[in-house]
Amino acid sequence: MGSNYSLKYNVDIVMCIDATGSMNGILDTVKSNALNFYGDLINSMRKKGKQVNDLRIKVIAFRDYVADGENAMLATDFFRMPEEQEEFRDLVNTISACGGGDEPEDGLEALAYAIRTDWTRDGDKRRHVIVVWTDAPTHELGFGSKSKYYPRNMAASFNQLTGWWDQMDVRAKRLLIYAPEAEYWTTISDSWDNTMHFPSVAGNGLKEFEYEEILSEICNTI
């Protein structure tokens, strides 16, 4: 255990959370998982004889640019844990399930925001982790571009988004997707490196063993 503690582990986690109306029945569970994530991760790491020296968490709450306009995307700065845990809690508690329009949402845009995050470059060992929670398929990139609130400099195609992922530090990046077995989500899990897919079903929450598996996967790769 001592040798592990001599290394500095710096971990950034970006949580992409579907905040549309279809998540109404399960968003509280997702929010609870998000709020408990820091303590649960630290405890899991300690059991493996590892200590996180610097942990930051960022939240991206997404909906649908066509249906929700300026409320389609919330992207925070990083919260440094545990120093900013209360600010993180206050932010997560403001997220409510509403909007969304048709069934697919703008999950790929949320993923693009996450990939383009200002990731940490410090520490002996780094992990740049993206976790996506959604119960819906995703629109193709650019579907919401008719909205005046659609972001500039967004990836123009799925191939470009894939290129953005490829440019991330292969030793540090990890993508964990809790989403339906639907177009784009399955393509990502089948063809992008360093990814895991936990299939979800609309209206069903994240089972405890799946949450534990996500935690375990992050810990095992640090």
Tell me whether [X] contacts the main-chain N or O of [Y] through its side chain, where contact means a donor paired with an acceptor under 3.5 Å.
X: S32; Y: D28; answer: no
X: H139; Y: P104; answer: yes
X: N53; Y: Y9; answer: yes
X: R127; Y: R174; answer: no

Over all atoms of both residues, closest heavy-atom pair of [X] and [Y]:
X: R89; Y: L35; result: CA-CD2, 3.5 Å
X: T20; Y: G100; result: CG2-CA, 3.7 Å
X: K58; Y: T117; result: NZ-OG1, 3.4 Å
X: D18; Y: E105; result: OD2-CG, 4.0 Å
X: I60; Y: A110; result: CD1-O, 3.7 Å

Can you tell me how far [atom2] of [Y] sits from [atom1] of [X], rounded to the nearest 0.5 angstrom?
X: K173; Y: R126; atom1: NZ; atom2: CZ; answer: 14.5 Å
X: M81; Y: R56; atom1: CE; atom2: CZ; answer: 12.5 Å
X: Q167; Y: R116; atom1: CD; atom2: CZ; answer: 6.0 Å
X: W164; Y: Q160; atom1: CH2; atom2: CD; answer: 5.5 Å

Quick one: sort the W192 and F158 rings into parallel, tilted or perpendicular, breaks at 30° and 60°.
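Parallel, since the angle between the ring planes stays under 30°.
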
Apply the side chain to side chain contact (heavy atoms under 4.5 Å, CB included) test between I130 and each candidate in L176, I115, I13; give the one that qualifies.
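Among L176, I115, I13, the one that satisfies the side chain to side chain contact (heavy atoms under 4.5 Å, CB included) with I130 is I115.
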
Minimum side-chain heavy-atom gap L111-I177 below 4.5 Å:
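Counting from C-beta outward, L111 and I177 never come under 4.5 Å.
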
